[in-house]
Structures are given as C-alpha cells and as structure tokens.
Asks: 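My structure is below; once you've seen it, I'll send some questions.
Quick caveat: nothing in here was measured; it's all calculated off a predicted structure. Heads up: numbering here begins at 1 and tracks the sequence.
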Amino acid sequence: MLTTILIVLVVLIAALLIYAATRPAGFTVSRSTSIKAPPEAIFPLINDFRCWTVWSPYEKLDPDMKRTLSGTDAGRGAAYAWEGNSKAGIGRMGITNSVPSSLVALKLDFEKPFKANNTVDFTLKPAGNETSVTWAMHGRYPFIARLMGVFMNFDRLVGKDFEAGLASLKKAAEK
C-alpha cells in the first residue's frame, strides 16, 4: 500500500515537472486604456521618472523606498534605481528608447525579491481626441517561474498593477 502511494506521488510530481517544462519560456503582460488627452500631454509623465510618483502603482508599495535617479533628466539615458521593503524589492530601470509622444522603452532589472531582466514598452497612439496608451512587459520565464505559473497567474497578478497604473496615468493626464 505504501509503495503504491509513493509510486503515485512520484508519478504526479514527475507529471507536474514535465508539464511546467512544456510551458512557454517567454511572457508578455499588456494592458491598454484610452485617455482623453493628446499624446504630448501624456508622454512627459512616462518619459520622466520624476513624474512616476504621480501615477505608478509601484511607488506606493513602500513610503520609505530609497530612490536614485541618474543619467539624463528624461528620455533615453534616464535611469531610476530603487531599494525598498519586501514588496518593493530592489531594482533598476533605464530608458533605452524614447520617441516623442509615441514610445518609451525601458530595460527593467529586478534584484529582489527575485532576479529578473525584462523589457517594458509604453506606446501612445492618437485616436481622435483620445490617446490609446499600452503598457507592456516582456521577459523570459526560468523553469522555477514556469513551475510557479502552474499555480498562479502571472498575467493577472502583474496586469492588475498595470491597470491601476494606467488608471492613475489617465487621471493625471486628464486634469
């Protein structure tokens, strides 16, 4: 009886590991919203890290977070590093591409609570008297993340932060 239980348990664990190994190694999380403002009014809020305290949901994770800005004031070459509590973690992001009123691309590196290297794109597309703003993050899943992904939905977890951030960005830009 005990042998049968152990065999079943080993088979279930093996099946779980095999299933996790077959999951995609890359991911994209993307959310969009329409903002009743021209791209020229929204772009500076994204292109300048000093403005992120107004709208980024991650700024609210730790009121005592240590922030360091370096490089250019805004646009390509601007960098932002942070060190915060267990929710905020430790990381750095830098603007790698900045196309006025249409694109801000970032390299995003986390050190804690886990190591990750991702890219982030904010795209702005005018649509009449509104602007469609998309916040997307792309990266690679190491095996342990694919295994964790069997039990939790990364898209939903990060997506809700993107939705909150876009709602705050909308509120700031429509003032």
Asks: Less than 4.5 Å apart, side chain to side chain, heavy atoms only: is that true for Met93 and Asn118?
Replies: no
Asks: Would you check if Phe43 and Val104 make a side-chain contact, meaning some heavy-atom pair closer than 4.5 Å?
Replies: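 They are in contact (side-chain heavy atoms under 4.5 Å apart), so the answer is yes.
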Asks: Would you kindly confirm whether Ile90 and Tyr80 end up in one hydrophobic cluster when ILVMFWY residues are joined by side chain heavy atoms under 4.5 Å apart?
Replies: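 No, separate clusters.
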Asks: Work out which heavy atom in Thr131 is nearest to a heavy atom in Ala37; give both atom names and the distance.
Replies: OG1-O, 2.6 Å
Asks: Do Phe151 and Leu12 belong together in a cluster built from hydrophobic side chains that touch within less than 4.5 Å?
Replies: no
Asks: Is the number of heavy atoms from other residues, nucleotides or ligands within 6.0 Å of NZ (Lys66) greater than 12?
Replies: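 Counting neighbours around NZ of Lys66, 12 or fewer heavy atoms of other residues, nucleotides or ligands fall under 6.0 Å, so no.
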Asks: Working to the nearest 0.5 angstrom, can you tell me the gap between Glu163 CD and Ser168 OG?
Replies: 12.0 Å
Asks: Looking only at heavy atoms, what is the nearest atom pair of Phe122 and Leu124, with distance?
Replies: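 For Phe122 and Leu124, the tightest heavy-atom pair comes out as O-CD1, 4.1 Å.
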Asks: Could you check whether His138 and Thr28, counting side-chain N and O atoms only, form a donor-acceptor pair closer than 3.5 Å?
Replies: yes
Asks: Heavy-atom distance under 4.5 Å between the side chains of Leu169 and Ile46, does that happen here?
Replies: yes
Asks: Can we call the ring centroids of Phe49 and Trp55 under 6.0 Å apart?
Replies: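 Distance test on ring centres: not under 6.0 Å, no.
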Asks: As an exercise, state the distance from CG of Asn117 to CZ of Arg140, rounded to the nearest 0.5 Å.
Replies: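 Going from the CG atom of Asn117 to the CZ atom of Arg140 covers 12.0 Å.
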Asks: Between the side chain of Arg76 and the main-chain N/O of Thr96, is any donor-acceptor distance below 3.5 Å?
Replies: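 Looks like yes, one N/O pair under 3.5 Å.
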Asks: Do the non-hydrogen side-chain atoms of Glu83 and Glu111 ever get within less than 4.5 Å of each other?
Replies: no
Asks: Is it the case that one hydrophobic cluster holds both Leu45 and Leu69, taking links as side-chain heavy atoms less than 4.5 Å apart, direct or via other members?
Replies: yes
Asks: Taking NZ, NE, NH1 and NH2 as the nitrogens, is one of them in Asp62 or Arg67 under 4.0 Å from a carboxylate oxygen of the other?
Replies: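 So Asp62 does not pair with Arg67 through a salt bridge.
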Asks: In the structure I gave you, are the side-chain heavy atoms of Met1 and Ile5 within less than 4.5 Å of one another anywhere?
Replies: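 They are in contact (side-chain heavy atoms under 4.5 Å apart), so the answer is yes.
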Asks: Does Thr72 use its side chain to pair, donor to acceptor, with the backbone of Ala78 at less than 3.5 Å?
Replies: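 Here the side-chain-to-backbone pair exists.
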Asks: Can you confirm whether Ile95 sits close enough to Ser98 that some side-chain heavy atom of one is under 4.5 Å from a side-chain heavy atom of the other?
Replies: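 Yes - at least one pair of side-chain heavy atoms lies under 4.5 Å apart.
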Asks: Looking at Ser34, is its backbone amide N or carbonyl O close enough to the side chain of Lys170 to form a donor-acceptor pair, meaning the two atoms are under 3.5 Å apart?
Replies: yes
Asks: Under 4.0 Å between a side-chain nitrogen and a carboxylate oxygen: does that hold for Glu174 and Lys36?
Replies: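 Salt bridge: no.
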Asks: What's the separation between atom CZ in Arg92 and atom CG in Asp109, rounded to the nearest 0.5 Å?
Replies: 7.5 Å
Asks: Between Ile42 and Ala173, which heavy-atom pair has the shortest distance, and what is it?
Replies: CG1-CB, 3.8 Å
Asks: Test: ring pair (Phe, Tyr, Trp, His ring centres under 6.0 Å). Region: residues 156-175. Which pairs qualify, not counting sequence neighbours?
Replies: Trp135-Phe162
Asks: Output the distance between atom NZ (Lys160) and atom CG (Asp155), rounded to the nearest 0.5 Å.
Replies: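 Between Lys160 NZ and Asp155 CG, I get 12.5 Å after rounding to 0.5 Å.
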Asks: Using side-chain heavy atoms (C-beta onward) and a distance below 4.5 Å, is Asp64 in contact with Asn85?
Replies: no
Asks: Between Thr123 and Leu103, which heavy-atom pair has the shortest distance, and what is it?
Replies: CG2-CD1, 3.8 Å
Asks: Under 4.5 Å between any side-chain heavy atoms of Val99 and Asn97, yes or no?
Replies: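 Val99 vs Asn97: side chains touch.
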Asks: Using every non-hydrogen atom in the two residues, find where Pro57 and Asp161 come nearest and quote the distance to one decimal.
Replies: CG-O, 3.2 Å
Asks: Just by distance, do the side chain of Thr3 and the backbone of Ile7 share a donor-acceptor pair under 3.5 Å?
Replies: no
Asks: Is it possible for you to say whether Phe27 and Leu106 belong to one hydrophobic cluster, with membership spreading through side-chain heavy-atom contacts below 4.5 Å?
Replies: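 In one cluster with Phe27: Leu106, yes.
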